[in-house]
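Residue indices begin at 1 and follow the sequence shown. These values consider heavy atoms only, across backbone and side chains, with no hydrogens, waters or symmetry-generated copies.
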Amino acid sequence: MTLRKLRQELRPLASPVRARVSQSFFKTGPGEYGAGDRFIGLTVPQIRRLAKQCRQLSLPETKQLLQSPIHEERLLALLILVGKFAAEDDAGRQLLYATYLRNTRFINNWDLVDSSAEHIVGAFLRSCSGASVKRRLVGQKKLALRRSAATTLLKLARSQSLWERRIAIIATFHFIKRGEFAPTLRIGRQLLRDREDLIHKAVGWMLREVGKRDSPTAEKFLRMHYRRMPRTMLRYAIERLPERRRQCYLKGTIN
């Protein structure tokens with residue numbers, strides 16, 4: 001598969017009607033978060049099928065696809081990278097991770113972040129600090145790797161880029177799914193005062209995911225910070241709680 005052939009396969013799948021709907025849904029108007037983005041009108045299932053078929057696309061051509069002005073092409077490139085990452089050895093994964101972080105300016109909408117950050121950034125950073133490393137390393141080396149992973153997420157969370165900040169919190173979903181909640185809580189604290197609604201939603205969502213797996217841990221965090229949380233973040237975080245307890249958080253009467 002070459003990039004030229006891939007783009008030829010995209011053309012008959014395009015739908016101007018879907019493209020107009022997507023441009024509205026993803027807020028591409030002047031001053032909106034997706035301002036200027038272009039769509040050709042592909043569905044996510046179509047893009048996912050193509051990603052599976054095109055996993056052998058070379059990395060240089062995948063990077064070229066990621067830098068496309070077309071939203072669906074960027075999503076396709078990210079899904080190809082996710083597939084490549086899962087199949088690679090440690091050295092290959094490090095290269096894909098570095099490629100991802102060098103191209104975050106093209107990962108510039110919530111669906112692009114949400115379909116890729118946990119599977120590449122989260123997976124790579126956990127591999128640097130998780131159980132597989134603990135079996136191989138001891139002492140200062142193991143500690144240095146854990147600190148390096150935490151530093152990377154904090155650097156992203158402090159970025160001026162909305163999308164890099166969202167990458168930071170969504171990347172922690174990889175840790176959450178494996179019962180490790182500290183990265184989410186650390187990045188969540190960093191983003192408590194963020195001004196962007198898309199960050200409020202993402203942090204609330206990740207806190208809700210922590211709560212599904214460890215309610216005491218999530219509620220301890222909420223009790224400490226809920227008065228400072230933006231309303232949207234709080235609503236997302238407490239969505240699955242019993243109604244009476246949800247109302248206590250919303251009214252500020254939690255004990």
Side-chain angles (χ1 to χ4, degrees), residues 33 44 48 75 78-79 81-82 85-86 97 100 104 107 109-132 146 149-150 152-159 161-250 254:
Y33 61 74
V44 172
R48 289 192 178 278
L75 177 58
L78 289 165
L79 293 177
L81 288 175
V82 167
F85 187 93
Y97 164 79
Y100 187 96
T104 54
I107 308 169
N109 216 310
W110 58 264
D111 64 319
L112 304 179
V113 172
D114 296 359
S115 63
S116 60
E118 64 166 297
H119 304 295
I120 296 178
V121 178
F124 181 80
L125 293 178
R126 185 178 181 273
S127 74
C128 291
S129 59
S132 60
R146 283 203 300 267
T152 298
L153 288 176
L154 282 172
K155 182 178 179 180
L156 288 167
R158 291 167 178 162
S159 170
S161 165
L162 157 64
W163 307 115
E164 289 191 348
R165 299 199 304 277
R166 188 163 174 119
I167 286 169
I169 188 63
I170 298 298
T172 70
F173 205 178
H174 186 85
F175 291 83
I176 291 171
K177 290 176 178 178
R178 288 150 185 84
E180 299 171 28
F181 310 125
T184 302
L185 304 182
R186 185 181 306 117
I187 301 304
R189 280 193 296 270
Q190 175 66 34
L191 296 173
L192 281 176
R193 297 186 181 277
D194 201 281
R195 296 182 178 183
E196 294 288 347
D197 187 62
L198 285 171
I199 299 299
H200 303 168
K201 291 177 180 178
V203 174
W205 171 23
M206 291 301 102
L207 292 174
R208 185 174 72 236
E209 292 296 332
V210 171
K212 288 180 184 179
R213 296 159 175 83
D214 188 338
S215 180
T217 293
E219 287 227 44
K220 180 180 179 181
F221 183 92
L222 287 170
R223 286 195 300 273
M224 289 177 64
H225 300 293
Y226 79 98
R227 295 182 189 275
R228 293 192 293 145
M229 281 185 179
R231 204 67 166 174
T232 297
M233 186 187 295
L234 178 60
R235 286 186 179 277
Y236 269 61
I238 64 176
E239 191 175 75
R240 292 175 62 89
L241 294 181
E243 180 61 21
R244 185 173 179 180
R245 194 152 185 80
R246 284 183 66 253
Q247 290 303 319
C248 287
Y249 276 110
L250 293 173
I254 202 73

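- Annotation: side chain of L250 is in contact with side chain of R235 (closest heavy-atom distance under 4.5 Å).
- Considering R244, R245, E243 as possible partners of Q247, the one that fulfils the side-chain hydrogen bond (donor to acceptor under 3.5 Å, both in side chains) test is E243.
- To the nearest 0.5 Å, atoms CG (D114) and CG (L75) are separated by 11.0 Å.
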Applying side-chain contact (heavy atoms from CB on, under 4.5 Å) to H119 and Y100, what does each step give before you reach the verdict?
CA-CA 11 Å; H119 304 295; Y100 187 96; over 6 Å; no

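- Taking 4.5 Å as the limit, some side-chain heavy atom of S115 sits within range of a side-chain heavy atom of L79.
- The aromatic rings of F124 and Y97 sit parallel to each other, their planes meeting at less than 30°, with 60° as the upper class boundary.
- Atoms SG and OH, from C248 and Y226 in turn, are 8.5 Å apart once rounded to the nearest 0.5 Å.
- Put simply, CD1 on I187 and CG on L153 are 5.0 Å apart, with the number rounded to the nearest 0.5 Å.
- Summarising the geometry of F221 relative to G188, their closest heavy-atom pair is CZ-C, 4.1 Å, with the distance given to 0.1 Å.
- Of the inter-residue distances, the one linking I167 atom CD1 with S116 atom OG reads 6.5 Å to the nearest 0.5 angstrom.
- Closest of all the heavy-atom pairs between S159 and S161 is OG-N, 2.9 Å.
- No more than 12 heavy-atom neighbours from other residues, nucleotides or ligands sit within 6.0 angstrom of CZ on R240.
- Inter-residue side-chain proximity for N109 and W163 is flagged as met; some heavy-atom pair is nearer than 4.5 Å.
- Of all the heavy atoms in G211 and A218, the pair that sits closest is CA-CB, 3.5 Å.
- Looking at heavy atoms from C-beta onward, F173 lies in side-chain contact with E209 at the 4.5 angstrom threshold.
- Looking at every heavy atom in both residues, L125 comes nearest to F175 through C-CZ, 4.0 Å.
- Between G122 and H174, the closest heavy-atom pair is O-CD2, 3.6 Å.
- Atom NZ of K220 has 12 or fewer heavy atoms from other residues, nucleotides or ligands within 6.0 Å.
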E196 and R166: CA distance, side-chain angles, deciding distance, salt bridge (charged side-chain N to carboxylate O under 4.0 Å, His left out) verdict
CA-CA 10 Å; E196 294 288 347; R166 188 163 174 119; over 6 Å; no

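- Two residues are said to be in side-chain contact when any heavy atoms from C-beta on lie closer than 4.5 Å; T172 and R186 fail this criterion.
- Between the side chain of R246 and the backbone N or O of L241, no donor-acceptor pair lies under 3.5 Å.
- Residues M229 and Y236 form no side-chain contact, since every pair of their non-hydrogen atoms from C-beta on lies 4.5 Å or further apart.
- The closest side-chain heavy-atom distance from L207 to L185 is below 4.5 Å.
- For the atom pair L191 CG and H200 NE2, the distance stands at 9.0 Å (nearest 0.5 Å).
- A distance of 10.0 Å separates CE in M233 from CZ in R228, rounded to the nearest 0.5 Å.
- Summarising the geometry of L234 relative to Y249, their closest heavy-atom pair is CD2-O, 4.0 Å, with the distance given to 0.1 Å.
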